[in-house]
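Inspection log for the structure reproduced underneath, given as structure tokens.
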There are 2 protein chains.
Amino acid sequence: MSEAKSRKPLADSLAVHDQVYEAIRQALITGRIAPGVGVSLRSLAAELGVSPMPVRDAVRRLVAERALAINPANKRLSVPSLTADRLDQLSQARLWIEPELAARAAPHADAALLKRLRELDAAVDDALKLGDVDAYMTANHDFHFALYERAGAEVLLAMAGGLWLQIGPFMRVVFGRVGADGLVADRHAEAMQALKAHDAEGARRAIAADLSEGMDKMRVAVEAGR
Amino acid sequence: MSEAKSRKPLADSLAVHDQVYEAIRQALITGRIAPGVGVSLRSLAAELGVSPMPVRDAVRRLVAERALAINPANKRLSVPSLTADRLDQLSQARLWIEPELAARAAPHADAALLKRLRELDAAVDDALKLGDVDAYMTANHDFHFALYERAGAEVLLAMAGGLWLQIGPFMRVVFGRVGADGLVADRHAEAMQALKAHDAEGARRAIAADLSEGMDKMRVAVEAGR
DNA sequence: CACCGCAAACTGTGATCACAATTTACAGCG
DNA sequence: CGCTGTAAATTGTGATCACAGTTTGCGGTG
């Protein structure tokens with residue numbers, strides 16, 4: 001990471017600290033960094049091949065989003081550990097925000113959105129069949145947020161994004177314990193049907209049911225693994 | 001800011017970037033930095049008498065919390081502007097989270113909490129009588145969060161904190177337009193009564209009513225000032 | 001007086017160094 | 001073999017510099 005390089009050739013494209021943020025975010029969501037273990041700025045920097053500076057920026061952001069925790073005593077970084085209490089709060093918050101976003105998106109659902117959702121739902125099914133955890137989580141995430149984006153509610157959308165980031169590690173735990181075929185009951189079709197009819201309350205119910213089932217499975221997995 | 005200084009004499013106390021964070025946060029909440037205007041790292045640093053470095057950390061955090069916005073084109077910082085749409089989303093989120101926190105706190109309400117709440121409510125009344133905007137906002141904030149802290153729900157509490165930070169500038173607008181005596185109807189007494197009886201639903205209703213009235217006044221002020 | 005153009009100032013970003021605090025490793029003693 | 005004290009390595013934090021892109025200011029030209 002110490003060779004001479006072209007420094008900062010691009011202006012409009014994303015900055016290095018954003019790439020680092022995304023890299024750590026993905027590592028967190030897919031569970032590549034296990035909860036409870038400590039990380040350090042320099043080790044992350046070395047691993048990603050950048051200087052500690054952009055890592056520092058990215059970590060600051062992740063800490064603000066509660067995706068990383070910082071020990072107030074020795075100021076050392078770590079991945080927040082998974083507790084039933086934390087999961088309960090995250091579940092409840094998700095169960096309010098995400099159905100709300102789905103309901104707000106329903107009036108603006110058009111053919112292009114439904115097409116995209118069908119594609120993503122197919123990707124979800126494929127990943128489930130193959131047992132590909134990473135692919136499932138990515139596709140599932142994309143499905144939900146392709147929908148939520150249409151709500152045109154930037155503030156709520158950001159809150160939902162923060163919640164997914166915090167709940168990512170829990171998902172990995174579920175897969176590690178019950179396997180990918182543990183959560184198949186597909187409410188996505190139900191949601192898409194409601195969207196096609198511009199049925200806001202139907203979309204709200206479908207997403208609520210989808211989340212509720214998933215979170216229940218997570219709760220079982222977390223309590224069992226204690 | 002360039003004189004020789006003792007550097008970093010304290011370990012357990014709060015770091016410089018945390019002090020800077022708190023300073024900017026207060027400036028934002030009390031409306032000392034008007035929405036829409038641009039700020040810069042170096043100007044903030046000079047104003048606070050520190051190097052740009054801790055300011056950078058604090059700003060990173062505030063941007064993640066959506067208390068500051070960053071123009072994606074020229075990457076310049078600014079305070080988010082107040083729109084009716086944003087207020088609507090923030091209102092809705094607050095109206096779910098904060099009553100929930102109040103309800104969760106009710107079972108754990110003890111004499112010490114009620115004493116503290118009475119003091120803070122008195123401070124709120126005093127500030128209203130004197131027309132002291134800063135004091136009102138501080139006391140009102142402290143009242144709500146002294147209560148919310150007792151819920152023992154760290155995740156939800158942090159979400160509520162983020163929402164107050166985003167809604168702070170709106171409050172200042174309300175005061176600027178309708179004056180401090182515009183929002184007097186005191187639901188705090190109602191809330192405290194419910195807490196004393198460990199009545200979770202009563203506390204939920206009282207806080208919801210308190211918020212609802214305040215947010216309605218803000219909506220009127222924002223729409224009128226457009 | 002209006003408009004263009006260029007230079008100076010200012011912006012965020014990243015790298016590098018310094019420093020104090022903590023953690024880790026290990027040699028020496030019991 | 002176990003404990004302890006000390007030195008080395010590692011940590012987060014802050015300061016300073018370099019750099020490229022953007023904005024701002026101002027002088028000259030039409």
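Below, read A as the first sequence line, B as the second, and so on, with proteins coming before strands; counting in each chain starts at 1. When reading the values below, keep in mind they use all heavy atoms of this one structure, side chains included, and skip hydrogens, waters and symmetry mates.
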Could you go over nucleotides 8-11 of chain C and give all protein N or O partners under 3.5 Å, atom names and distances?
residue: dT11(C); atom: OP1; partner: Ser40(B); partner atom: OG; Å: 3.0
residue: dT11(C); atom: O4'; partner: Arg76(B); partner atom: NH2; Å: 2.8

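When the P atom of dT11(D) is taken as reference, atom CG of Leu44(A) falls 10 Å away, rounded to whole Å. Going from atom CG of Leu14(A) over to atom P of dG14(C) covers 10 Å, rounded to whole Å. Residue His17(B) contributes atom NE2, which lies 8 Å from atom C1' of dG12(D) at whole-angstrom precision. Between the CZ atom of Arg61(B) and the P atom of dT13(D) there is a distance of 11 Å, rounded to whole Å. Computed from coordinates, the Met53(B) CE to dT13(C) P distance equals 11 Å when rounded to whole Å.
Side-chain polar atoms of Gln89(A) and Glu154(B) form no donor-acceptor pair below 3.5 angstrom. Using modelled atom types, one finds a donor on one side chain and an acceptor on the other under 3.5 Å when comparing Tyr21(B) with Glu65(B).
For the pair Asn74(B) and dT23(D), the criterion of a side-chain N or O lying under 4.0 Å from OP1 or OP2 is met. Of the side-chain N and O atoms in Arg60(B), one or more sit less than 4.0 angstrom from OP1 or OP2 of dT13(C).
Side chain of Pro52(B), nearest nucleotide from dG14(D), dG14(C), dT16(D): dT16(D).
Sequence neighbours left out, the pairs with a member in residues 56-110 of chain B that pass ring-ring contact (aromatic ring centres under 6.0 Å, His included) are Trp96(A)-Trp96(B).
Using a 4.0 Å cut-off between charged side-chain N and carboxylate O, Asp142(B) and Arg116(B) make no salt bridge. Between Asp57(B) and Arg56(A) there is a salt bridge, with a side-chain nitrogen of the basic residue lying less than 4.0 Å from a carboxylate oxygen of the acidic one.
Side-chain atoms of Arg56(B) stay outside donor-acceptor range of the base of dG14(D), with no qualifying N/O pair under 3.5 Å.
Remark: Arg25(A) fails to qualify as a cation-pi partner of Trp164(A) under the 6.0 Å distance and 45° angle criteria applied to the six-membered ring.
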